[in-house]
Structures are given as C-alpha cells and as structure tokens.
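Report on the following structure.
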Amino acid sequence: ANASPEFVAFLNPFYMDVTEVTVAEFEKYRESLREDKKRVPPPPLNADAPASMPVVGIAWGDATTYSRWAKKAVPTEAEFELAARGPDGFPHTWGEGRPVWRVPLQVNSLTPVGIFAGDVSPYGIYDLAGNAREWVQDWYSPTAHQEAVRMAEQRPLTNWEGPKRAAQGSQRVVKGGGPNWELWHRGGES
C-alpha cells in the first residue's frame with residue numbers, strides 16, 4: 001500500500017555506481033577522516049566481514065557524508081527505481097517472473113557485491129533487488145505515491161524528490177530487500 005499507485009516521473013540524466021559500497025570502501029573513507037582529524041562515523045554492523053561485502057548498518061547521515069566524500073550522491077527514490085527497473089518499469093532487475101540464482105538466495109542474505117548476474121538492472125547495476133537494502137534521499141511517508149499522483153495531475157513530475165518531510169520522526173526511504181524481490185518495495189527507517 002505504501003508503494004502505490006504507480007506514477008510517472010521524468011528524470012534528468014544521472015550516474016549510479018555499478019555496485020553497492022563495500023566494507024573496504026567505507027573503511028577507506030573512515031581512515032581518510034581519521035587522517036584528516038575529522039569526526040569518524042561508527043564502524044558498520046559488518047565491519048569484520050570480507051572487504052567485498054556490502055556495508056550495512058550505517059546511518060543515513062553517514063551514507064550521505066560518505067557519498068559527498070566520494071564526490072557522489074545518494075540517489076532519490078525515483079532515480080533508484082529507474083536505475084533498477086529500467087525504462088520499461090520491470091518489477092525486478094531481471095524483468096518479469098522468478099529469479100534464477102546459481103545458488104539459493106534468501107531475502108536479507110548478504111553476498112559479496114556484484115556476483116549475481118541474475119540481479120543486474122537493464123543499466124548494468126548489480127544488487128538492487130537483493131543484497132543490502134539501500135538508503136535513498138527521500139523522506140519517508142506511506143502516502144508519498146498518492147501525493148505524487150495528485151501532483152502529477154497538475155503538472156508533469158520532473159526530478160521528483162518525494163515529500164518535504166517525514167511522516168514520522170526523521171525516517172528516510174530504504175529500497176530493496178522486498179519479500180519477492182520486487183523493486184517497488186519501500187520502507188521507512190531512521
């Protein structure tokens with residue numbers, strides 16, 4: 001219910017990393033901050049995981065400051081959806097139907113980034129359906145899509161960024177990890 005109805009949003013071109021941020025990449029960021037004598041965010045929940053694992057358990061603010069440090073940005077929900085679903089709006093990165101994994105994979109299981117060829121979007125981006133859930137820029141509201149449809153009746157939505165504030169507290173949207181790998185799956189986390 002919090003991801004409907006479907007609506008059209010027009011986006012300017014953007015870039016997105018091909019894989020999730022790894023434990024090694026996030027530790028390089030933390031080390032750079034230590035060297036510069038700046039505030040260092042806490043280690044990720046999986047700090048002891050192999051270097052090629054996606055980083056998990058970091059706060060939205062730390063994800064955002066990492067992105068700025070890397071001269072990038074956390075995508076909006078609309079950018080995530082386009083990058084994951086492609087121009088045809090597929091429900092999964094692989095298109096229609098069930099996933100075909102070379103080894104059994106469960107929702108919420110973590111694997112090294114970029115190893116599942118079946119979880120590659122039409123734009124060549126890995127792990128948007130599975131692996132770690134992804135922070136996006138947007139504030140979380142369970143009625144954001146309904147509000148977007150009302151706005152789209154007035155004018156085309158261009159570079160839609162969601163609500164101007166969270167429905168509750170400081171929740172931001174997280175994407176991925178849906179029960180059946182659907183890319184429209186969204187939740188709110190603080």
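Quick note: residue numbers are just sequence positions, from 1. Because only heavy atoms are used, hydrogens play no part in the values below, and waters and symmetry mates are left out as well, while side chains stay in.
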* Asked: Considering residues at least two apart in sequence or located in another chain, which fulfil the side-chain hydrogen bond (donor to acceptor under 3.5 Å, both in side chains) criterion with R186?
  ->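 Residues passing side-chain hydrogen bond (donor to acceptor under 3.5 Å, both in side chains) with R186: E77.
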
* Only counting residues at least two apart or in another chain, list the ones meeting side-chain hydrogen bond (donor to acceptor under 3.5 Å, both in side chains) with N2. =>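 With sequence neighbours excluded, N2 shows a side-chain hydrogen bond (donor to acceptor under 3.5 Å, both in side chains) to Y140, given in chain and number order.
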
Going by heavy atoms in the side chains, are [X] and [Y] under 4.5 Å from each other?
X    : Y    : value
P41  : L33  : yes
F14  : N12  : no
R30  : P43  : yes
D119 : P99  : no
M16  : F80  : yes
N131 : T111 : yes
W139 : R172 : yes

[X] and [Y]: which non-hydrogen atoms are nearest, and at how many Å?
X    : Y    : answer
Y126 : A117 : CE2-CA, 4.5 Å
L128 : S121 : CD1-CB, 4.4 Å
I125 : A83  : CD1-CB, 3.8 Å
S190 : Q171 : OG-CG, 3.5 Å
A84  : P122 : O-CD, 3.5 Å
G86  : Y123 : CA-CE1, 3.6 Å

* To do: Could you tell me whether the side chain of H92 and the main chain of N180 form a donor-acceptor pair under 3.5 Å?
  =>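 Yes: the side chain of H92 pairs with the backbone of N180.
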
* Determine the sole option in E134, E20, E81 for which the salt bridge (charged side-chain N to carboxylate O under 4.0 Å, His left out) test with K175 is passed. =>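 Only one of E134, E20, E81 forms a salt bridge (charged side-chain N to carboxylate O under 4.0 Å, His left out) with K175, namely E81.
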
* Those residues that, when tested against E189, pass salt bridge (Lys or Arg N to Asp or Glu O under 4.0 Å) (two or more places apart) ->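 Result, salt bridge (Lys or Arg N to Asp or Glu O under 4.0 Å) vs E189: R133.
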
* To do: Could you pull out all residues at least two apart from R34 that satisfy salt bridge (Lys or Arg N to Asp or Glu O under 4.0 Å)?
  =>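 For R34 the salt bridge (Lys or Arg N to Asp or Glu O under 4.0 Å) partners, ignoring immediate neighbours, are E27, E31.
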
* Between CG on residue L183 and CH2 on residue W94, distance to nearest 0.5 Å ->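 If I round to the nearest 0.5 Å, the distance is 7.0 Å.
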
* **Spacing of OG1 belonging to T22 relative to CG belonging to N46, to within rounding of 0.5 Å** =>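 Rounded to the nearest 0.5 Å, the OG1-CG separation comes to 10.0 Å.
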
Do any side-chain atoms of residues 56-74 form donor-acceptor pairs under 3.5 angstrom with protein atoms, and if so which ones, sequence neighbours left out?
unit_1, atom_1, unit_2, atom_2, d
W60, NE1, V136, O, 3.0
D62, OD1, R39, NH2, 2.8
T64, OG1, W60, O, 3.0
T65, OG1, Y29, OH, 2.9
T65, OG1, G61, O, 3.2
T65, OG1, D62, O, 3.2
S67, OG, A63, O, 3.0
W69, NE1, S32, OG, 3.2
K72, NZ, D17, OD1, 2.9
K72, NZ, D17, OD2, 3.0

* **D36 atom CG, over 12 foreign heavy atoms within 6.0 Å** =>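 Yes, enclosed.
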
* To do: Given side-chain contact (heavy atoms from CB on, under 4.5 Å), test T93 with V120 step by step and report yes or no.
  => CA-CA 6 Å; T93 53; V120 179; 5.9 Å; no

* **Pairs where residues 146-160 contributes a residue and the test side chain to side chain donor-acceptor pair (under 3.5 Å) is met, not counting sequence neighbours** =>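 Residue pairs passing side chain to side chain donor-acceptor pair (under 3.5 Å), neighbours aside: T143-E147.
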
* Under 4.5 Å between side-chain heavy atoms, hopping through other hydrophobics if needed: is there a path connecting V40 to V21? ->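 Yes; tracing contacts between hydrophobic side chains, which count when under 4.5 Å, links both residues.
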
* **V149 with M151, same ILVMFWY side-chain cluster at under 4.5 Å** =>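 Linked within one cluster.
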
* Step by step, would you call E25 with V55 a side-chain contact (heavy atoms from CB on, under 4.5 Å)? -> CA-CA 9 Å; E25 291 167 330; V55 68; over 6 Å; no

* **Evaluation steps, side-chain contact (heavy atoms from CB on, under 4.5 Å), between E6 and W184** => CA-CA 9 Å; E6 193 170 357; W184 47 260; over 6 Å; no

